[in-house]
Amino acid sequence: MPSKTKKLLISDYNLDATLSSGQSFRWQKLGEDWEGIIGQQWVRLRSDHRYIIAEAASPQHNWEWLKKYLQLDFNLNQAIQTFPDDKPIQNALNATPGLRLLRQDYWETLAAFILSATKQIVQIQQMVRLLSERYGTQILADGDSPVFAFPTIEAIADCTEKELRACKLGFRAPNLLAAARDILNNKINWQKIPLMDSTEAREELIKLRGVGQKIADCILLFAGGHQHVFPIDVWVERALQRLYFTKSKPSSRQLRHFADNHFGPFAGLAQQYIFHHARIHLKLK
DNA sequence: TTCCAGGTGCATA
DNA sequence: TATGCACATGGA
């Protein structure tokens with residue numbers, strides 16, 4: 001029977017850390033609950049040690065969309081076994097057990113990370129919210145305020161640069177606009193990206209103005225599920241230097257090489273642990 | 001007031 | 001290949 005609520009069995013799933021770790025920008029914590037938007041669905045989540053309790057705005061025939069987004073079938077323990085046995089990564093693991101990677105929509109991830117350039121996470125959330133309120137469609141929700149899906153590619157492509165700047169995007173506005181229009185004009189092979197290997201997909205994504213390796217890697221990891229991809233941002237760069245290179249100051253090229261060869265097949269997950277650890281626990285800068 | 005934020009693109013040497 | 005800088009906006 002379709003139901004508005006669902007009890008999902010979990011183990012080692014740290015919902016708080018996962019939803020607040022800078023992968024997705026559409027979640028809000030209200031008391032013990034998380035309210036968020038996944039595609040066209042509003043959902044409220046709450047977790048204890050053994051379950052995530054989900055509540056949707058309308059009765060659901062199946063919950064695969066949520067299971068996929070949360071990656072409930074991902075074997076975290078097996079992935080962690082492949083991590084290097086060194087202090088830094090083990091410390092990051094111990095600091096936030098159960099941190100996971102989500103599997104998000106390609107377009108929304110691309111757009112959000114185009115907006116992420118030199119912005120704090122709270123400000124990215126604000127830009128995404130403004131864009132959604134103004135150019136997304138309203139969706140059914142069971143909370144206190146109206147909720148909007150992230151705007152479609154077409155909706156963004158129809159905007160003017162001025163309208164996007166009015167959503168506080170600043171110099172990111174022309175980049176987001178060009179990305180939407182270039183996708184619709186087939187300037188890049190957008191439809192095939194999910195089928196490509198990571199190298200090919202990255203080459204395709206960085207054809208977009210405002211998308212370099214870091215943003216492309218976030219899309220590959222958070223939307224594409226390319227587990228070995230290791231995005232290096234300022235936090236991760238500082239953390240790697242602090243944790244692994246105490247005596248020398250490696251160039252960003254050397255760091256890139258180190259990251260690609262040190263963390264193994266689930267390097268992307270290792271990156272998320274390092275990022276979260278650096279942001280929450282380490283006094284970097 | 002000043003500094004800086006999940007970067008990128010471009011100029012310069 | 002490496003470094004420096006501009007690019008908007010808002011919070012600390």
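The sequence lines fix the lettering, A, B, ..., with proteins before strands; numbering per chain opens at 1.
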### Query
Within 45 degrees of the axis of the six-membered ring of Trp235(A) and under 6.0 Å from its centre: does Arg238(A) put its NZ or CZ there?
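So Arg238(A) does make the cation-pi contact.
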Would you kindly give the [atom1]-to-[atom2] distance between [X] and [N], to the nearest whole Å?
| X | N | atom1 | atom2 | result |
| --- | --- | --- | --- | --- |
| Phe113(A) | dG7(B) | CZ | P | 10 Å |
| Trp235(A) | dC4(B) | CH2 | C1' | 11 Å |
| Ile280(A) | dG6(B) | CD1 | C1' | 13 Å |

### Query
Is the backbone N or O of Pro250(A) less than 3.5 Å from a side-chain atom of Ser248(A), with the two atoms forming a donor-acceptor pair by type?
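Such a contact is absent between Ser248(A) side chain and Pro250(A) backbone.
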### Message
Both Val236(A) and Gly210(A) contact DNA chain B. Which one's nearest nucleotide lies toward the 5' end?
### Response
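Nearest-nucleotide comparison on DNA chain B picks Val236(A).
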### Task
Output all residues satisfying side-chain contact (heavy atoms from CB on, under 4.5 Å) with Glu108(A), sequence neighbours left out; order by chain, then residue number.
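Counting only residues at least two positions away or on another chain, Glu108(A) forms a side-chain contact (heavy atoms from CB on, under 4.5 Å) with Arg26(A), Asp105(A), Phe150(A).
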### Message
Say we look at dT3(C) and dG6(B): how far apart would their P atoms be, to the nearest angstrom?
### Response
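After rounding to an integer number of Å, I get 23 Å for this pair.
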### Task
Pick the P atom in dA8(C) and in dC10(B), then give their distance to the nearest Å.
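That atom pair is separated by 14 Å.
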### Task
Describe, in one word, how the ring planes of His228(A) and His226(A) are oriented to each other, choosing from parallel (under 30°), tilted (30 to 60°) and perpendicular (over 60°).
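Aromatic pair His228(A)/His226(A) classed perpendicular.
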Answer yes if [X] and [Y] sit in the same cluster of Ile, Leu, Val, Met, Phe, Trp and Tyr residues linked by side chain heavy atoms under 4.5 Å apart, and no otherwise.
| X | Y | answer |
| --- | --- | --- |
| Val43(A) | Ile53(A) | no |
| Leu130(A) | Leu164(A) | no |
| Leu208(A) | Val128(A) | yes |

Restricting to nitrogen or oxygen on both sides, can you table the protein-nucleotides 9-11 of chain C pairs closer than 3.5 Å?
residue, atom, partner, partner atom, Å
dT9(C), O2, Lys119(A), NZ, 2.5

### Task
Identify the two heavy atoms, one from Lys214(A) and one from Asp233(A), that lie closest to each other, and give their separation to 0.1 Å.
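Heavy atoms of Lys214(A) and Asp233(A) come nearest at CE-CB, 3.6 Å.
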### Query
Under the criteria of a ring-centre distance below 5.5 Å and an interplanar angle below 30°, is Phe275(A) stacked with the base of dG6(B)?
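One would call Phe275(A) stacked on the dG6(B) base.
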#### Entry: Positions of residues 243-274 of chain A (non-hydrogen atom under 4.0 Å from DNA chain B), listed by number
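Correct list: Gln271(A), Gln272(A).
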### Message
Using the ring centroid of each side chain, check whether Phe263(A) and Tyr244(A) are separated by less than 6.0 Å.
### Response
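For Phe263(A) and Tyr244(A), the ring centres are under 6.0 Å apart.
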### Task
Consider the side chain of Phe171(A), meaning its heavy atoms from C-beta on, and name the nucleotide among dA8(C), dC10(B), dG6(B) that approaches it most closely.
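Given the options dA8(C), dC10(B), dG6(B), the side chain of Phe171(A) is closest to dA8(C).
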